[in-house]
Amino acid sequence: MPDKTLPRTDVVIIGGGWTGLTAAYELAHEGQKCVVLERGDHRHDATSFGAPEEHDELKYALHHTHMMDVKTSTLTFRNNRSQRALPMRRLGSFLPGEGLGGAGIHWNGQIWRPLPSDLEMRSHYESRYGAQFIPENLNVQDWGVTYEELEPHLDFFEKICGAAGYAGNLNGETREGGNVFEGPRSDEYPNPPMKQPIRSTLFGEAAADMGLHPFPLPSANVTQKYENPYGAQLHPCTYCGFCERFGCGYFAKADPIICVYDRIKEHENFEIRFRSTVMRVEKSEDGQTATGVTYIDSDGLEVFQPADVVCMNAYALWNVHLMLVSGLGRPYDPQTGTGTVGRNYAYQTLAGVDVFFDEEIITNPFMGAGALGTVIDDYNGDNFDHSELGFVGGGYVACNQYHGRPISYQPTPEGTPPWGAEWKRAVRENYLHHAGIGVHGSSMATPDNFLDLDPTWTDSFGRPLLRMTFDFPDNDRRMSNYVMERAVEIARNMEHVRSYSSSNRAAEGSGYSIEPYQTTHNTGGAVIGTDPSTSVVNRYGQMWDHHNVFVFGACLFPQNLGYNPTGPLMGLAYWTLDHLKSDYLANPRPLMDA
Amino acid sequence: MGTLFSRRAVLAGLTSGAALSTLPINHAFAALDDKPFYFLTPDEARFLAALCDTLIPEDDFPSASQAGVVDFIDLQLAGPYGKGQFIYMQPPFPSGTPEQGYQVSLIPATFIRQGIAALMEAETGFVDADTEARSSVLTRLSEDDFDLGDLPAKPLFDELWTLTNQGYFADPIYGGNEGYAGWEMVGFPGAHAYYLSFVDKHNVPYPQPPTGINHEPGGDGRIPSGLKPQEV
């Protein structure tokens, strides 16, 4: 029995990040009483992220002060089922958030859309290359929702962020200078592209010279004074170089606090409770619906919050964890291949090329931003012919300038010792004369990569930790190597290059490691679809098993895109909210037949 | 835990001939000079100075200990990092694969204290050895080719190297990067970052000297106004 039971609310929302606050905004304006439960603290751009105090590499980038508290809750990890999973004792490979705004505070602001073919991946590949083309051991699925259906919602989120870029496909008309491979946009970007530093300019020139299609990285670092559709005021990015892993005190990186929270916090239908960790979603006796959630409040009391609708808006991994500890849906069993919760966990497959320039090129790497750079999409998705390649998927190739924070940014040419006099000289000589070219590749789901509960370790509330079993599928190793070789070709064609070296996180023979930072793009585990045997939620984001539970975030992705997830997952969020508002609330029921 | 010796006296007494004879007088943490270490003993501090200076030796720019890295490590070990505030510490601690990451069963302060003790016992001449000999010890440690009893060698090296590197390049409010040694060396302008009108000026060196979080506007951009370490 809980210590107390509160009065019923219309909607309870688990998590105060991008999707949770947006759900609250949209549903509160629809007359729904919304209660947001956030496990972390209140914080605000104006009071919490101001320079120069925020510009502290050690505190924020390396001691992870804005991120989740791994001391009290983490997950366990292994590469395969024959191993014993061990706790991720420190943050490393990915950095989930905690506190108001969630990971939306310390994101980079790279704001992408999926390709139309990405959303119909299995159908698309089978129709273009034949039914046998997709390797048998990949769980490649259609999303169940099309680009055309998502487009208005992707567009709206770009307006919420004041996205900066140049449309490469405006209402079906292709335009050089933008991403000519993207799906049709119904409107221009709300703001013009970012300024380009020398390194990304050289990359773009080399790529264009090779017949590729460079364009400025789409950015939620805003480029001019801007007011979003909710009335939030944003300001131009200063290129300060403290973007990802930091909050933005300049009000220049779109985030859930300034773009959404500030515009809903005074609304009569909105309430948020901090330091409130949801323990489980409670199910009705007939198992058809959820009755609300039980959480531990800021006084340590166990509280039951009854609700008509439960929205799951935690980080991708923790949504799946909450389903597993609540007994929502059917857990995936890798032995039998049955069950869906935890199935199709995927990540991101990264490779890159380090380029070292001659002395003429002075990059000033500290003048950076989270979404500053030049990118080509020629090798992403199915933008290139896969018929002879032996893999599906792809990635974008980008030359970005994030930062020059000197503990983390120490470029040295291949063969430099890892410390000592020679290392010191190499860091000094190359700091101002280097560029990284990143390959940001897709990640296919397999039957062997999944999430379940750990049998040994627990969080500070005594619940079993989430257990992650993951390694790079051979398909993705081949893909990553192929796209990396294309990036090497561009590096070779760049002016002023003295030397270069390439590396592939998914290189043959090297296992995925939980330790070095790669990216906070954990996806899947509660995927969207039209078949209840291969998805946790239907195409509206509604749980098959409990029709008043709606699920948000990258846990919905059937396999991961070659793009950063925030744009696509927010497109899905607005799509789900649209159907909640226009259909479900007036007539609560399963929106699709199972 | 403190000692009766000032930091400066301890470090200046490191060796008769070598690196620390050039310890600058007006360094960033002159304010710390008369204070005992928060965590380290004088022996540990001397050992760490020798170790850090092998990792980041003096050249045209200061060595690690000359740049205050031992002060930095002392404050880190006494603070939240040393106390394990950033680590999930629930047992058991079975060993795993390298891909499974850090699995040390001790909080960093204890791990490093025990690690230094084991290293001092195994390599009694380390502090007075030449760079080549010290490098060879650290290479073996970094390659896990070192018997430290129950302590894992490579994770110890990784921890010490990470701290040394951080101490050389972190904002001076943490006790290292004295006189902006690390930032001067690479050309990083620091915490007062606003480049809207400069980012697309290609191949132009940025003219401003480094300034840290505690930099006083109108000051000379060299010495932070005071010590603001993490909560100890």
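Being a predicted model, the structure only gives us computed values, none of them experimental. Every chain is numbered from 1 and lettered A, B, ... according to where its sequence line falls, protein lines coming before strand lines.
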Please name the pair of heavy atoms, one in [X] and one in [Y], separated by the smallest distance, quoted to 0.1 Å.
X         : Y         : value
Pro52(A)  : Ile213(B) : O-CG1, 3.5 Å
Thr456(A) : Pro92(B)  : CG2-CD, 3.8 Å
Pro98(B)  : Ser513(A) : O-OG, 4.3 Å
Trp419(A) : Leu138(B) : CH2-CB, 3.7 Å
Phe188(B) : Gly404(A) : CD1-O, 3.4 Å
Leu55(B)  : Trp423(A) : O-CE3, 4.4 Å

Taking [X] for the side chain and [Y] for the main chain, is one N or O donor matched with an acceptor at less than 3.5 Å?
X         : Y         : answer
Glu360(A) : Asn203(B) : no
Glu57(A)  : Asp171(B) : no
Gln83(A)  : Thr97(B)  : no
Lys71(A)  : Gly84(B)  : no
Lys195(A) : Val199(B) : no

Is there a side-chain contact between [X] and [Y] in this structure, where contact means two heavy atoms from C-beta onward sitting under 4.5 Å apart?
X         : Y         : answer
Pro197(A) : Asp200(B) : no
Phe72(B)  : Leu58(A)  : yes
Pro406(A) : Trp183(B) : yes

- Query: Between Tyr195(B) and Phe366(A), is the ring centre distance below 6.0 Å?
  - Reply: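 Centroid distance Tyr195(B)-Phe366(A): below 6.0 Å, so yes.
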- Message: Run the side chain to side chain contact (heavy atoms under 4.5 Å, CB included) test on Phe169(B) and Arg405(A) for me, step by step, so that the C-alpha distance in whole Å, both residues' side-chain angles and the decisive distance to 0.1 Å come before the verdict.
- Response: CA-CA 9 Å; Phe169(B) 290 106; Arg405(A) 301 188 301 266; over 6 Å; no
For chain B, which of [options] has the most heavy-atom pairs under 4.5 Å?
options                                    : value
Phe77(A), Tyr239(A), Trp457(A)             : Trp457(A)
Glu515(A), Arg90(A), Gln196(A)             : Arg90(A)
His64(A), Arg78(A), Arg84(A)               : Arg84(A)
Gly511(A), Ser408(A), Ala369(A), Pro236(A) : Gly511(A)

Relative to chain B, which segment of [X] carries a heavy atom at a distance below 4.5 Å: side chain, backbone, both, or neither?
X         : value
Asp56(A)  : both
Leu465(A) : side chain
Leu432(A) : side chain
Phe357(A) : neither
Tyr512(A) : backbone
Pro417(A) : neither
Gln401(A) : neither
Arg199(A) : neither

- Query: Which is it for Val70(A) and Ile87(B) under the side chain to side chain contact (heavy atoms under 4.5 Å, CB included) test, yes or no, and what are the steps along the way?
  - Reply: CA-CA 6 Å; Val70(A) 82; Ile87(B) 308 182; 5.8 Å; no
- Task: Take atom CD of Glu495(A) as the centre, draw a 6.0 Å sphere, and report whether it contains more than 12 heavy atoms from other residues, nucleotides or ligands.
- Result: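 Atom CD in Glu495(A) is not packed in, count stays at 12 or less.
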- For atom CG of Asp130(B), is the number of surrounding heavy atoms from other residues, nucleotides or ligands below 6.0 Å larger than 12?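 Counting neighbours around CG of Asp130(B), more than 12 heavy atoms of other residues, nucleotides or ligands fall under 6.0 Å, so yes.
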With a 4.5 angstrom heavy-atom cut-off, could you sort out which part of [X] is near chain A: side chain, backbone, both or neither?
X         : result
Thr164(B) : neither
Pro91(B)  : backbone
Thr139(B) : both
Met89(B)  : backbone
Phe61(B)  : both

Tell me, out of [options], who's got the most heavy-atom pairs with chain A below 4.5 Å.
options                                   : result
Gly187(B), Pro205(B), Gly96(B), Pro189(B) : Pro189(B)
Lys201(B), Glu99(B), Gln166(B)            : Glu99(B)
Thr54(B), Val204(B), Leu196(B)            : Leu196(B)
Phe198(B), Tyr168(B), Trp161(B)           : Trp161(B)

- Name the orientation class of the two ring planes belonging to Tyr81(B) and His63(A) (parallel below 30°, tilted from 30 to 60°, perpendicular beyond 60°).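 Parallel: the ring planes of Tyr81(B) and His63(A) meet at under 30°.
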- Value rounded to 0.5 Å, distance of OH in Tyr206(B) from CG in Asn364(A):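 Spacing of OH (Tyr206(B)) from CG (Asn364(A)) equals 9.0 Å.
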- Task: Assess the side chains of Gln85(B) and Asp69(A): does a donor N or O sit below 3.5 Å from an acceptor N or O?
- Result: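 Note: Gln85(B) and Asp69(A) side chains miss the donor-acceptor criterion.
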- Query: For Thr458(A) and Gln90(B), does a side-chain donor sit closer than 3.5 Å to a side-chain acceptor?
  - Reply: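 The answer is yes; a qualifying pair exists.
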- Task: Flag this pair as yes if the NZ/CZ of Arg89(A) is under 6.0 angstrom from the six-membered ring centre of Phe93(B) and inside a 45 degree cone about the axis; otherwise no.
- Result: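 Judged by the rule, Arg89(A) and Phe93(B) form a cation-pi pair.
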- Does Asp59(B) pair with Lys424(A) as a salt bridge, N-O distance under 4.0 Å?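 Yes, charged N to carboxylate O under 4.0 Å.
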